[in-house]
Chemist: 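Would you mind keeping the following structure in view while I ask a few things?
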Number of protein chains: 2
Amino acid sequence: MESKFLPHIAYDSVIFGFSGEALKILIMEYHNTGMFALPGGFVYQDEDLNTAVKRGLRERTGLDDIYLEQFYTFGDLARFQPEVMERILRANEQDFAGWEWLMDRFISVSYYALINYRDVVPQPDALSDSCDWYPVKELPELILDHSKIVAKALETLRLNLDRKLIGGNLLPEQFTMQELQTVYEAILDTKLHRSAFQRKLLASDQLIRHEKRFTGKAHKAPYLYSFKR
Amino acid sequence: MESKFLPHIAYDSVIFGFSGEALKILIMEYHNTGMFALPGGFVYQDEDLNTAVKRGLRERTGLDDIYLEQFYTFGDLARFQPEVMERILRANEQDFAGWEWLMDRFISVSYYALINYRDVVPQPDALSDSCDWYPVKELPELILDHSKIVAKALETLRLNLDRKLIGGNLLPEQFTMQELQTVYEAILDTKLHRSAFQRKLLASDQLIRHEKRFTGKAHKAPYLYSFKR
DNA sequence: TATTATTGTAACATTGTGCTACAATAATAA
DNA sequence: TTATTATTGTAGCACAATGTTACAATAATA
């Protein structure tokens, strides 16, 4: 049986979310294997690559209109390990017929996505027990070169953070300056100076200031902000 | 006949050189078609993607150890135009047997390279009349989405230029500050301020100053510089 | 009404960059 | 030998961006 997918071509997505404390990504666990991997998928013969990735993200998160960026394509021979896919299929008691194409060599076009953690109920796929959030600092061991993919995603995200002011994609529509700063600190893994951060973001002319948020705490209430579109 | 290459996967390379006047890239012209394209190629079944690209660069330029960076993978359906490859093969009076795989859909992993213009005698491949330098501002019409690929390469190069100080790869081992500035101006397509440029590059602590270069002109002789390794 | 914690912003120091000016100098002309 | 010319290396000043400290404003509580 022929696959409807383009042979040899896969994508993997590093889906970032922010819990309020830590920067996390979505990781899938395959049935009965203890094997962890990035959510990924394949491209239909009659489908754009980017469309395929958006389709996969929708299936995994339920969200459309996600901030998404392609960052690297991994094509080393070392990522060709048919025994890994074989073990996953066996553990799923899958009939191998029709799945031979999965045992081929693949290159992985990799993307990272930034989403609002609270908007998502992660959905495992047919081969997986779970699709769950893991702090980037406490990831389980991942199959193939997926750890390298995560590292490169994080590196690219950090480089792009200032240039594109994309941190807000990890927060709800409205947020306080303190919350935004915490996101930046989690991504960059450094402390930032409150005053300079606030001044820089306000000077960037990309924020809209809304009403204050009263939390009931015994101190001045912070303004809420949102990004201009 | 089976191809020894990974089906559906191609690479294209945007090879930048600097003539002393203008920023140029290598473009191939296919026999008897008036069709122009980026140098590219395919990946052997038992070869790393990056290795394949380096192999292709060596064939086209004769150089090893080239500054090379992957910047994007193009996977739109719109780049699937079998009639283009068909026309190229026909013009070469090729027997189609054994070349059917070329008429398939491909995604293109794209790289840019920076090389020393003077070191290279560009080599056409079997299907091409010529492999020649064209100023990026005066490119012929290119097949498929190759113009888009060039545009994205240039955009990425500009973004990376400051961060990585890679401009020197377009020059001989030793160069004057004036030559380096001209390269930067050609890439960025803007005039830079001599004084600020010199101060910034010297402060970057990445240059070694050598002896002066005496050109016989009636003015102060400039120092030669090279980049630290 | 005083206290507490946090926020918004001013103020100053430091660094980076745009811009101008000028002395140094390699060859040529007088 | 000396003046001239074009270009180079660098200093100096203005202005912008950022690091750092300080402080007034304020929402709730004691």
Side-chain angles (χ1 to χ4, degrees), chain A residues 20-21 158-168 171-172 174-228, chain B residues 20-21 158-168 171-172 174-228:
Chain A
E21 315 273 299
R158 283 174 179 158
L159 285 172
N160 287 341
L161 190 58
D162 257 30
R163 194 158 51 73
K164 304 191 178 177
L165 286 181
I166 50 184
L171 290 172
Q174 296 196 3
F175 47 83
T176 66
M177 203 55 88
Q178 167 60 31
E179 288 167 340
L180 187 59
Q181 184 179 335
T182 309
V183 167
Y184 273 69
E185 289 177 342
I187 294 175
L188 299 172
D189 197 21
T190 53
K191 283 283 166 199
L192 300 175
H193 292 278
R194 185 179 65 89
S195 180
F197 182 82
Q198 173 131 337
R199 182 179 47 197
K200 179 168 156 177
L201 268 285
L202 291 178
S204 78
D205 193 42
Q206 304 212 40
L207 293 181
I208 305 169
R209 178 178 283 182
H210 303 280
E211 73 286 6
K212 294 182 173 185
R213 172 195 282 169
F214 298 88
T215 57
K217 298 285 177 59
H219 55 73
K220 194 173 178 178
Y223 288 105
L224 287 168
Y225 298 88
S226 65
F227 278 97
K228 292 181 181 171
Chain B
E21 315 272 297
R158 284 174 179 157
L159 286 172
N160 287 341
L161 190 58
D162 258 30
R163 192 158 53 72
K164 304 190 179 178
L165 287 181
I166 51 184
L171 290 172
Q174 296 196 3
F175 46 83
T176 66
M177 204 52 93
Q178 168 60 31
E179 288 167 341
L180 188 59
Q181 183 179 337
T182 309
V183 167
Y184 273 69
E185 289 177 341
I187 294 174
L188 298 172
D189 197 22
T190 53
K191 282 282 165 200
L192 300 175
H193 292 277
R194 185 179 64 91
S195 179
F197 182 81
Q198 173 131 337
R199 182 178 46 197
K200 180 168 156 178
L201 267 287
L202 290 179
S204 79
D205 193 42
Q206 303 213 39
L207 292 182
I208 304 169
R209 178 179 281 182
H210 302 280
E211 73 286 5
K212 295 183 173 184
R213 172 195 283 167
F214 298 89
T215 57
K217 297 286 178 57
H219 55 72
K220 194 173 178 178
Y223 288 106
L224 286 168
Y225 298 89
S226 66
F227 278 97
K228 291 182 183 170

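Chain letters run A, B, ... following the sequence lines, proteins first and then strands; every chain starts at 1.
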Chemist: Roughly, in whole Å, what's the span from CG in A:Leu201 to P in C:dT9?
Modeler: 13 Å
Chemist: For A:Tyr223, is the NZ or CZ atom of A:Arg209 found under 6.0 angstrom from the centre of its six-membered ring and inside 45 degrees of the ring axis?
Modeler: yes
Chemist: For the pair made of NZ in A:Lys212 and P in C:dG8, what is the distance, rounded to whole Å?
Modeler: 8 Å
Chemist: Rounded to the nearest Å, what distance is computed from the CZ atom of residue B:Arg199 to the P atom of nucleotide C:dA21?
Modeler: 16 Å
Chemist: Report which part of the nucleic acid A:Arg213 touches: base, sugar-phosphate, or nothing (heavy-atom distance under 4.0 Å, all strands).
Modeler: nothing
Chemist: Map A:Phe214 and A:Lys200 onto DNA chain D by nearest heavy atom, then report which one ends up closer to the 5' terminus.
Modeler: A:Lys200
Chemist: Using a 4.0 Å heavy-atom cut-off across all strands, classify B:Thr176 as base, sugar-phosphate, or nothing.
Modeler: nothing
Chemist: I need the CG-P distance between A:Leu224 and C:dT7, as an integer number of Å.
Modeler: 12 Å
Chemist: Is a donor-acceptor pair below 3.5 Å formed from side chain A:Lys220 to base C:dT7, judging by atom type as modelled?
Modeler: yes
Chemist: Measure the distance from CZ on B:Phe175 to C1' on D:dT8 and round it to the nearest whole Å.
Modeler: 16 Å
Chemist: Looking at residues at least two apart in the chain, or sitting in another chain, which of them share a side-chain hydrogen bond (donor to acceptor under 3.5 Å, both in side chains) with A:Arg199?
Modeler: none
Chemist: Quick one: does B:Arg158's side chain get under 4.5 Å of B:Ile187's, heavy atoms only?
Modeler: yes
Chemist: Taking atom P of D:dT10 as reference, at what distance in whole Å does atom CZ of B:Arg194 sit?
Modeler: 11 Å
Chemist: Find the partner of D:dT2: check Watson-Crick (N1-N3 plus N6-O4 or O6-N4) and G-U wobble (N1-O2, O6-N3) distances, both under 3.5 Å, and reply none if neither fits.
Modeler: C:dA29
Chemist: D:dT26 P sits how many Å from A:Lys217 NZ, rounded?
Modeler: 20 Å
Chemist: NE2 of B:His210 versus P of D:dG9: gap in Å, rounded?
Modeler: 13 Å
Chemist: If you pin A:Ser195 and B:Ala218 to their nearest nucleotides in DNA chain C, which one's is more 5'?
Modeler: A:Ser195
Chemist: Looking at D:dA30, which nucleotide sits across from it as a Watson-Crick or G-U wobble partner, both distances under 3.5 angstrom, or is there none?
Modeler: C:dT1
Chemist: Would you mind telling me which of B:Thr176, B:Thr182, B:Leu180 makes a side-chain contact (heavy atoms from CB on, under 4.5 Å) with B:Leu171?
Modeler: B:Leu180
Chemist: Checking contacts here: which listed nucleotide (D:dT10, C:dG18, C:dT9) is nearest the side-chain heavy atoms of B:Ala196?
Modeler: C:dG18
Chemist: Categorize A:Ala221 for me: base, sugar-phosphate, or nothing, with a 4.0 angstrom heavy-atom threshold over every strand shown.
Modeler: sugar-phosphate
Chemist: Ring-plane angle category for A:Phe197 and A:Tyr184, please: parallel below 30°, perpendicular beyond 60°, tilted otherwise.
Modeler: perpendicular
Chemist: Let's see if you can work this out: which of C:dT6, C:dT9, D:dG9 has an atom nearest to the side-chain heavy atoms of A:Leu202?
Modeler: C:dT9
